[in-house]
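Right, one structure below, let's go through it.
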Amino acid sequence: MNAVNTSAQSRFHSVEAATENNAVQEQAIAVFRGPHQPATDIAAKVQALETLLTQAASEFDSIALASSLAAEDNVLFDVIARLKLNIRVFSLNTGRLHQQTLDVAPALQAKYGQTVAWFEPQAAAVETYVNTKGRDAFYESTALRKECCGIRKVEPLARALKGAKAWITGQRQAQAATRAELPTREFDVDRGIEKFNPLADWSEADVWTYVRQYDVPVNKLHFEGFPSIGCEPCTRAITIGEDIRAGRWWWEDPTSKECGLHNANLKK
C-alpha cells in the first residue's frame, strides 16, 4: 500500500504513509487511531486552555459548551469541571446517535458528578421529513442531508443557545480542510454571539495526551477507528491516510462537509 499523500490536504491526515510491510502497517494503524497517538508535551497548552476558559467564563455570564461527547469536547468538560467554571454544557441528541455516544454521558456523570443537558429535535419536524423525504433521504443529495441536519442539529442548537452570550466548541484546525483557518475566538455572525474554539491549534496527539493524563472518559468508538463521530448512519470508521473527518458524510465533497452548526468555516 503506497499511500503517501501529496495533496494540499495531506497535513490533515493522521498517517501520511504505510508500506507493504505488515509490522510497519500495524504500527501506522496504531498511531493513526487517536487513542494510541504518541505523548506530547502539553503543559503550556493546558495552561493556555485553562486561562482562556477561565477568562471566557468571567467575561460572559451566560456561556455554554456545545458537546458532541467526542474526545475534544470531553477534554473541555474536564477543564470546566476541574476548575468549577460557570459554563453550562449541553449536547444534541439527534435521535440517530450511536449507543456508544449516548453512553458517554453517564460516564461523565460517574467521574465528575455532572453531565450534559440534552436537546432533541422537534418531533413533528422529524416526522414530516421522514414521511415526505424518507428516513435516510440524506444519502440522496447534499441538500437533503443539510435539511436533515437542520432539523436534528441546527434548530436544537438554536434552542440550546437561547439567551447565551457566547458558546464553546471542540473544533480543531487539523480536523478538516474546512477548519484549516479556525481561530481560537471569533464572532458567530449567524447567531450574533461570541464563539470560542479553545483547541483550535491542538493536534490529535495533544488531545489524547490530555485524555490519558487526566483520565478523561471517551467514546468507545474512538478505539475502533472513529476519530470523528456524528450520527450513526452518517459516520463510518476511516482507514490509513484518510482525512480525520473522512468518515463523516463520506459521499460528499470534503471541502463543504459541515452540518450547519459551523457555517462560518465554509466562508474562510
Side-chain angles (χ1 to χ4, degrees), residues 62-77 80-81 86-171 188 190-193 195-196 217-222 226 228-236 245 247-249 257-265:
S62 179
I63 182 170
L65 165 64
S67 173
S68 67
L69 300 173
E72 290 85 354
D73 298 303
N74 294 350
V75 165
L76 296 173
F77 191 104
I80 291 169
N86 186 27
I87 298 174
R88 63 185 177 89
V89 184
F90 68 85
S91 192
L92 307 177
N93 186 352
T94 66
R96 303 296 301 270
L97 299 179
H98 299 79
Q99 183 58 49
Q100 293 93 325
T101 299
L102 298 173
D103 289 344
V104 176
L108 295 174
Q109 176 72 42
K111 179 173 176 62
Y112 303 103
Q114 60 190 86
T115 189
V116 300
W118 289 107
F119 282 81
E120 301 177 349
Q122 301 284 3
V126 172
E127 183 177 2
T128 297
Y129 181 92
V130 171
N131 290 341
T132 60
K133 310 292 174 54
R135 185 169 183 256
D136 295 338
F138 42 79
Y139 290 127
E140 299 174 17
S141 71
T142 300
L144 286 172
R145 194 272 295 167
K146 289 187 175 181
E147 183 178 349
C148 185
C149 286
I151 293 169
R152 295 182 182 274
K153 299 178 74 175
V154 180
E155 190 280 329
L157 177 72
R159 281 186 279 118
L161 290 178
K162 187 175 181 179
K165 297 177 182 177
W167 67 303
I168 302 166
T169 85
Q171 296 184 97
D188 185 344
D190 291 341
R191 298 170 182 87
I193 60 177
K195 182 178 180 181
F196 293 88
V218 294
N219 192 321
K220 292 180 180 178
L221 289 174
H222 287 313
F226 289 74
S228 179
I229 306 167
C231 290
E232 185 168 12
C234 298
T235 308
R236 64 165 172 78
R245 281 170 58 84
R248 303 288 295 278
W249 312 299
K257 290 197 301 184
E258 291 287 355
C259 62
L261 302 186
H262 310 295
N263 282 333
N265 294 342

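Summarising the geometry, atom CG belonging to D73 is positioned 7.5 Å from atom OG1 belonging to T169; distances are rounded to the nearest 0.5 Å. Going from atom OG of S62 over to atom CZ of R88 covers 5.5 Å, rounded to the nearest 0.5 Å. With rounding to the nearest 0.5 Å, the separation of CD in Q122 from CZ in R159 is 4.5 Å. To the nearest 0.5 Å, atom CD1 of residue I87 and atom CZ of residue F196 are 9.0 Å apart. The line from CG of L69 to CG of L102 is 8.0 Å long, rounded to the nearest 0.5 Å. With values rounded to the nearest 0.5 angstrom, Q99 atom CD is found 9.5 Å from E232 atom CD.
Within 6.0 Å of CG in D136 there are more than 12 heavy atoms belonging to other residues, nucleotides or ligands. The number of heavy-atom neighbours closer than 6.0 Å to NZ of K111, taken from other residues, nucleotides and ligands shown, is above 12.
The side-chain heavy atoms of H98 and D103, taken from C-beta on, include no pair separated by under 4.5 Å. A 4.5 Å side-chain heavy-atom check between F138 and R96 finds at least one atom pair inside the cut-off. In this structure the side chain of T142 reaches within 4.5 angstrom of the side chain of K146, judged on heavy atoms. In this structure the side chain of P217 never reaches within 4.5 angstrom of the side chain of F77, judged on heavy atoms. Side-chain contact between R248 and I229 is absent, with no heavy atoms from C-beta onward closer than 4.5 Å. Using a 4.5 Å cut-off on side-chain heavy atoms (C-beta onward), F90 and L161 make contact. Between L144 and K133 there is a side-chain heavy-atom pair separated by less than 4.5 Å. Taking 4.5 Å as the limit, some side-chain heavy atom of W167 sits within range of a side-chain heavy atom of R191.
Here the closest heavy-atom approach between residue I193 and residue A164 is recorded as CG2-O, 3.3 Å. Annotation for G230 and T235: closest pair N-OG1, 3.0 Å, computed over non-hydrogen atoms. The minimum heavy-atom distance between I168 and L76, with the atom names listed, is CG2-CD1, 4.0 Å. Residues R135 and Y129 come closest through the heavy atom pair O-CE2, 4.3 Å.
Applying the side chain to side chain donor-acceptor pair (under 3.5 Å) test to S91 and every residue at least two apart in sequence or in another chain returns nothing. Scored by the side chain to side chain donor-acceptor pair (under 3.5 Å) test, N219 finds T101 as partners (sequence neighbours excluded).
Looking at Y139, its side chain does come within 3.5 Å of a backbone N or O of P233 through a donor-acceptor pair.
Taking the charged nitrogens against the carboxylate oxygens, K195 and D190 have no contact shorter than 4.0 Å, which rules out a salt bridge.
Paired with P121 under the rule side-chain contact (heavy atoms from CB on, under 4.5 Å), one option of V154, L92, V126 passes, and it is V126.
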